[in-house]
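Throughout, numbering of the chain's residues begins at 1 and tracks the sequence.
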Amino acid sequence: MDSRLQLIDSHAHLDFPEFDTDRAELIVEMQQAGISNFIVPGVSATHWQNQLKVVEQFSCFFGLGIHPWYSDALNIVNQLDSLHALLASHKKNKQSHLVAVGECGLDKLHNSYFDTQLKVFTAQIEFAIEFDLPLIIHAVKAHEEVLKLLKVLNPQKKGVIHGFYGGPELASRYVNLGYKLGIGGLLLNDNAPKLQQTVAQLPLDAFVLETDSPAMAPKNSQNYRNTPLILPNILQKIANLQKKSAVLISEQMFSNVTQLFDL
């Protein structure tokens with residue numbers, strides 16, 4: 001890989017148990033591949049303790065949030081209270097690497113109650129406003145509802161629509177509101193013409209790189225888990241679609257992610 005390329009994975013769940021056996025080795029490999037850092041999103045109260053342990057051990061950036069898949073937990077009100085307290089604590093700590101609220105959002109494909117998802121997502125948008133942090137947003141088959149909430153509540157720091165898979169029209173609606181689109185391994189799939197069209201047509205400042213590791217491995221991957229090591233492949237695919245050099249793309253992606261999350 002070109003030694004001039006410097007990459008940041010804006011969405012990698014490297015705290016998950018899939019990485020327990022070789023996390024340190026993987027992070028060394030990432031550094032050797034030019035991946036200088038990564039952001040670990042939070043997903044639920046049951047995950048936060050281990051997430052924060054991993055974050056502290058490897059000095060990486062992180063978000064704190066409740067993923068829509070976990071929004072119907074019996075103790076969800078207590079979880080939101082705990083999340084607020086944790087955000088407040090890390091926001092006060094100048095040494096903290098907290099950079100976002102999330103992963104949060106809406107997912108109509110999941111069997112959790114959608115009304116509860118709406119309440120939990122709304123609360124987290126309000127936390128993002130209160131603590132002046134960008135959002136890491138999970139949006140699956142619920143874009144109209146997500147867009148409506150973002151317009152109505154209008155958080156100033158905006159955020160990223162993670163794992164974006166839609167076409168240019170939907171993409172432009174988010175970008176016009178000030179949001180970035182997280183582009184990951186889906187771009188490498190042959191059956192992603194809408195997403196490839198989006199990446200070819202929208203300006204480069206609309207995107208950040210991500211992998212959603214260990215999930216969302218490209219279909220042609222031989223690995224049982226996804227890792228940030230596919231970032232150079234995603235970068236090269238963006239370069240091909242935009243008909244620009246990989247170095248130029250990497251510089252813009254680095255600028256986008258550092259500005260969005262104030263790294």
Taking every heavy atom of P41 against every heavy atom of A12, the minimum-distance pair comes out as CD-O, 3.7 Å

**Study point:** side-chain contact (heavy atoms from CB on, under 4.5 Å) between L80 and K119, worked out
**Key:** CA-CA 10 Å; L80 283 168; K119 286 173 188 163; over 6 Å; no

**Prompt:** Does the S89 side chain pair with the main chain of A85, one donor and one acceptor, at a distance under 3.5 Å?
**Reply:** no

* To do: Could you check if a side-chain atom of F131 sits within less than 4.5 angstrom of a side-chain atom of H90, using non-hydrogen atoms only?
  => no

Discussion item. Under 6.0 Å from the ring centre and within 45 degrees of the ring axis: does the NZ or CZ of K194 meet both conditions for the six-membered ring of Y165?
Written reply: no

Note: I161 and A139 closest approach over all heavy atoms is CG2-CB, 4.4 Å

Q.
With heavy-atom distances below 4.5 Å as the criterion, would you say the side chains of D9 and L14 are in contact?
A. no

Value for NZ (K243) from CD1 (I238), rounded to nearest 0.5 Å, stands at 14.0 Å

Interatomic distance, CZ@R173 vs NZ@K151, rounded to 0.5 Å, equals 5.5 Å

Separation between CG (L135) and NE2 (H162), nearest 0.5 Å, reads 13.0 Å

Checklist line | side-chain hydrogen bond (donor to acceptor under 3.5 Å, both in side chains) between Q117 and H110, intermediate numbers included | finding: CA-CA 10 Å; Q117 285 191 31; H110 196 258; 5.0 Å; no

query: Same cluster for Y113 and L109 if Ile/Leu/Val/Met/Phe/Trp/Tyr side chains link at under 4.5 Å?
result: no

For G185 and I230, the nearest pair of non-hydrogen atoms, with its separation, is CA-CD1, 4.0 Å

- Is it possible for you to say whether V247 and I249 belong to one hydrophobic cluster, with membership spreading through side-chain heavy-atom contacts below 4.5 Å? yes

Worksheet item: Can you tell me if CD on E56 sees more than 12 non-hydrogen neighbours from other groups inside 6.0 Å?
Response: no

(message) With a 4.5 Å cut-off on side-chain heavy atoms, are V120 and Y70 touching?
(response) no

Separation between CZ (R23) and CD (E18), nearest 0.5 Å, reads 9.5 Å

Item to check | Heavy-atom side-chain proximity of M253 to I234 below 4.5 angstrom | outcome: no

- prompt: Is it the case that one hydrophobic cluster holds both V152 and I129, taking links as side-chain heavy atoms less than 4.5 Å apart, direct or via other members?
  reply: no

*Would you call F127 and C104 a side-chain contact if the rule is heavy atoms closer than 4.5 Å?*
no

d(K237 NZ, N189 CG) to nearest 0.5 Å is 9.5 Å

K108 and A142 have their tightest heavy-atom pair at CG-CB, 4.1 Å

* Asked: Under 3.5 Å, side chain of T122 to main-chain N/O of L118, donor-acceptor pair present?
  -> yes

Residues joined to I39 in its hydrophobic cluster, side chain to side chain under 4.5 Å directly or through other members, sorted by chain and number, are I8, F61, V99, I136, V160, V208, F254, V257, L260, F261, L263

Whether Q51 side chain and G63 backbone form a donor-acceptor pair below 3.5 Å: yes

Ignoring hydrogens and geometry, is there a side-chain-to-backbone donor-acceptor pair from Q242 to P203 under 3.5 Å?
no

Could you walk me through whether L64 and L83 satisfy the side-chain contact (heavy atoms from CB on, under 4.5 Å) test, starting with their C-alpha distance in whole Å, then the side-chain angles of each, then the deciding distance to 0.1 Å, before giving a yes or no?
CA-CA 7 Å; L64 285 168; L83 175 59; 3.8 Å; yes

Shortest non-hydrogen pair, S71 vs T116, comes out as O-CG2, 3.1 Å

For K91, is there any backbone N or O sitting under 3.5 Å from a side-chain donor or acceptor partner on S96? no

Notebook entry, point to check: Just by modelled atom types, is the P155 backbone N or O under 3.5 Å from a matching donor or acceptor in the K158 side chain?
Noted result: yes

Original post:
Honestly curious: do L106 and L153 fall in one hydrophobic cluster under the side-chain, below-4.5 Å linking rule?
Top reply: yes

To the nearest 0.5 Å, atom CZ of F207 lies from atom CG of N256 at 9.5 Å

Open item on the list: Ring-plane angle category for H47 and F16, please: parallel below 30°, perpendicular beyond 60°, tilted otherwise.
Closed with: tilted

Would the number of heavy atoms belonging to other residues, nucleotides or ligands and lying under 6.0 Å from CD of E25 be above 12?
yes

- Item | Neighbour count above 12 (heavy atom, 6.0 Å) for D190 CG | no

With side chains defined as the heavy atoms from C-beta onward, is the minimum distance between L147 and L170 less than 4.5 Å?
yes

Point to revise | pair M30-L229: side-chain heavy atoms closer than 4.5 Å | key: yes

query = Q156 side chain to N154 main-chain N or O, any donor-acceptor pair under 3.5 Å?
reply = yes

Would you say the side chains of T211 and N226 form a donor-acceptor pair under 3.5 Å? no

Taking every heavy atom of L7 against every heavy atom of S250, the minimum-distance pair comes out as CD2-CB, 4.1 Å

Query - Donor-acceptor contact present, side-chain S44 to main-chain I66, <3.5 Å - result: no

Exercise. Can you tell me if Q252 uses its side chain to pair, donor with acceptor, with the backbone of L248 under 3.5 Å?
Worked result: no

Determine, stepwise, if the pair W69 / H138 fulfils side-chain contact (heavy atoms from CB on, under 4.5 Å). CA-CA 10 Å; W69 293 1; H138 173 110; 4.1 Å; yes

ask   = Under the 3.5 angstrom rule, does the side chain of K180 hit a backbone N or O of D205 as a donor-acceptor pair?
value = yes

Apply side-chain hydrogen bond (donor to acceptor under 3.5 Å, both in side chains) to the pair H11 and E103, showing each step before the final yes or no.
CA-CA 9 Å; H11 197 113; E103 179 177 355; 3.1 Å; yes

- Report yes if some heavy atom in the side chain of H97 is under 4.5 Å from a heavy atom in the side chain of S59; otherwise report no. yes

